[in-house]
Amino acid sequence: MSDSTGLAKARGKARRLAMQALYQWQMTADDIDGIEQQFMEENDMKHVDQEYFSELLLGVLKEIARIDTSLEKHMSRKINAVDPVERAILRIATYEFIHRLDVPYRVVLNEAVILSKKFCAEKSHTFINAVLDKVARDTRVHETASA
């Protein structure tokens, strides 16, 4: 397996765990540092990009107002009316669009759709894809202009 394939898999696992940890925070409002620690202890982190997991989780919370504003511009409802798993996926992808310019927007979009197909209702991926496509066009203007 090449280094880039290994990194992609490790980041995919980091996104999944960040989505689950963010979901837990949304449902419980527990301390995010405690949730992060719990996930580090209770999951096999050997093949997970742990730094990326932490960055996504803590970064989303730090930027949540900006992220939610970016999302709500492209939705017909408020972010808190969105299914909590979908909401976590949308927030993580939007964080990546804004702060991880090293990750191509198509990769971010694809990873979000993969998570939604695995963890959300049957048609959720079409909603997530549509919203994130619009957010990408706002946040990654130069990258999406050629798409």
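- For P104 against D102, the heavy-atom pair with the smallest separation is CD-O, 3.6 Å.
- Remark: side-chain polar atoms of E143 are paired, donor with acceptor, to backbone N or O of Y105 under 3.5 angstrom.
- For the side-chain hydrogen bond (donor to acceptor under 3.5 Å, both in side chains) with Y95, the qualifying choice from E55, K62, R66 is E55, the only one to do so.
- Shown here is Q26, whose CD atom has more than 12 heavy atoms of other residues, nucleotides or ligands within 6.0 Å.
- Atom OG1 of T139 sits about 10.0 Å away from atom NE2 of H99, to the nearest 0.5 Å.
- Put simply, the side chain of R91 never gets that close to the backbone of V60: no donor and acceptor are under 3.5 Å apart.
- For A10, the side-chain contact (heavy atoms from CB on, under 4.5 Å) partners are D49, not counting sequence neighbours.
- I89 and C120 get closest at one heavy-atom pair: CD1-SG, 3.8 Å.
- Under the salt bridge (Lys or Arg N to Asp or Glu O under 4.0 Å) rule, E111 has a single partner from R100, K13, K9, R15, which is R15.
- Looking at R16, its side chain never comes within 3.5 Å of a backbone N or O of L115 through a donor-acceptor pair.
- Under the 4.5 Å side-chain contact rule for hydrophobic residues, I114 and V107 do not share a cluster.
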Handout entry: Verdict with supporting geometry, W25 and L61, side-chain contact (heavy atoms from CB on, under 4.5 Å)
Key = CA-CA 10 Å; W25 172 79; L61 260 52; 3.8 Å; yes

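- Linking Ile, Leu, Val, Met, Phe, Trp and Tyr whenever their side-chain heavy atoms come within less than 4.5 Å puts I79 and M27 in one cluster.
- Considering only heavy atoms from C-beta on, L22 stays 4.5 Å or farther from L56 through its side chain.
- Side chain of N43 to backbone of F39: a donor-acceptor contact under 3.5 angstrom is found.
- For the atom pair M19 CE and R87 CZ, the distance stands at 13.5 Å (nearest 0.5 Å).
- Sorted by first and then second residue, the salt bridge (Lys or Arg N to Asp or Glu O under 4.0 Å) pairs involving residues 69-85 (not counting sequence neighbours) are E72-K78, K73-D138.
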Exercise for the section: Go through the steps to decide whether L132 and F97 satisfy the test side-chain contact (heavy atoms from CB on, under 4.5 Å), and finish with yes or no. Expected result: CA-CA 9 Å; L132 290 178; F97 285 152; 4.0 Å; yes

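- No single ILVMFWY cluster, assembled from side-chain heavy atoms under 4.5 Å apart, contains both V113 and V82.
- Remark: R11 is positioned above the aromatic ring of Y52, its terminal NZ or CZ atom under 6.0 angstrom from the ring centre and at most 45 degrees off the axis.
- One side chain, E41 or Q37, offers a donor N or O that lies under 3.5 Å from an acceptor on the other.
- With contacts defined as side-chain heavy-atom distances shorter than 4.5 Å, the pair E36/D33 qualifies.
- Atom-to-atom distance recorded for S70:OG and E63:CD is 9.5 Å, nearest 0.5 angstrom.
- Taken from CD1 in I92 to CG in L57, the straight-line distance is 7.5 Å, to the nearest 0.5 Å.
- Looking at heavy atoms from C-beta onward, V85 lies out of side-chain contact with Q20 at the 4.5 angstrom threshold.
- Across S116 and I128, no two heavy atoms sit closer than the pair CB-CD1, 3.4 Å.
- By the rule that hydrophobic residues join a cluster once side-chain heavy atoms approach within less than 4.5 Å of another member, M40 and V48 end up as members of one cluster.
- Sorted by first and then second residue, the pairs that involve residues 117-126 and meet side chain to side chain donor-acceptor pair (under 3.5 Å), not counting sequence neighbours, are E86-S124.
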Handout entry: Worked verdict on V131 versus T94 for side-chain contact (heavy atoms from CB on, under 4.5 Å)
Key = CA-CA 10 Å; V131 171; T94 302; over 6 Å; no

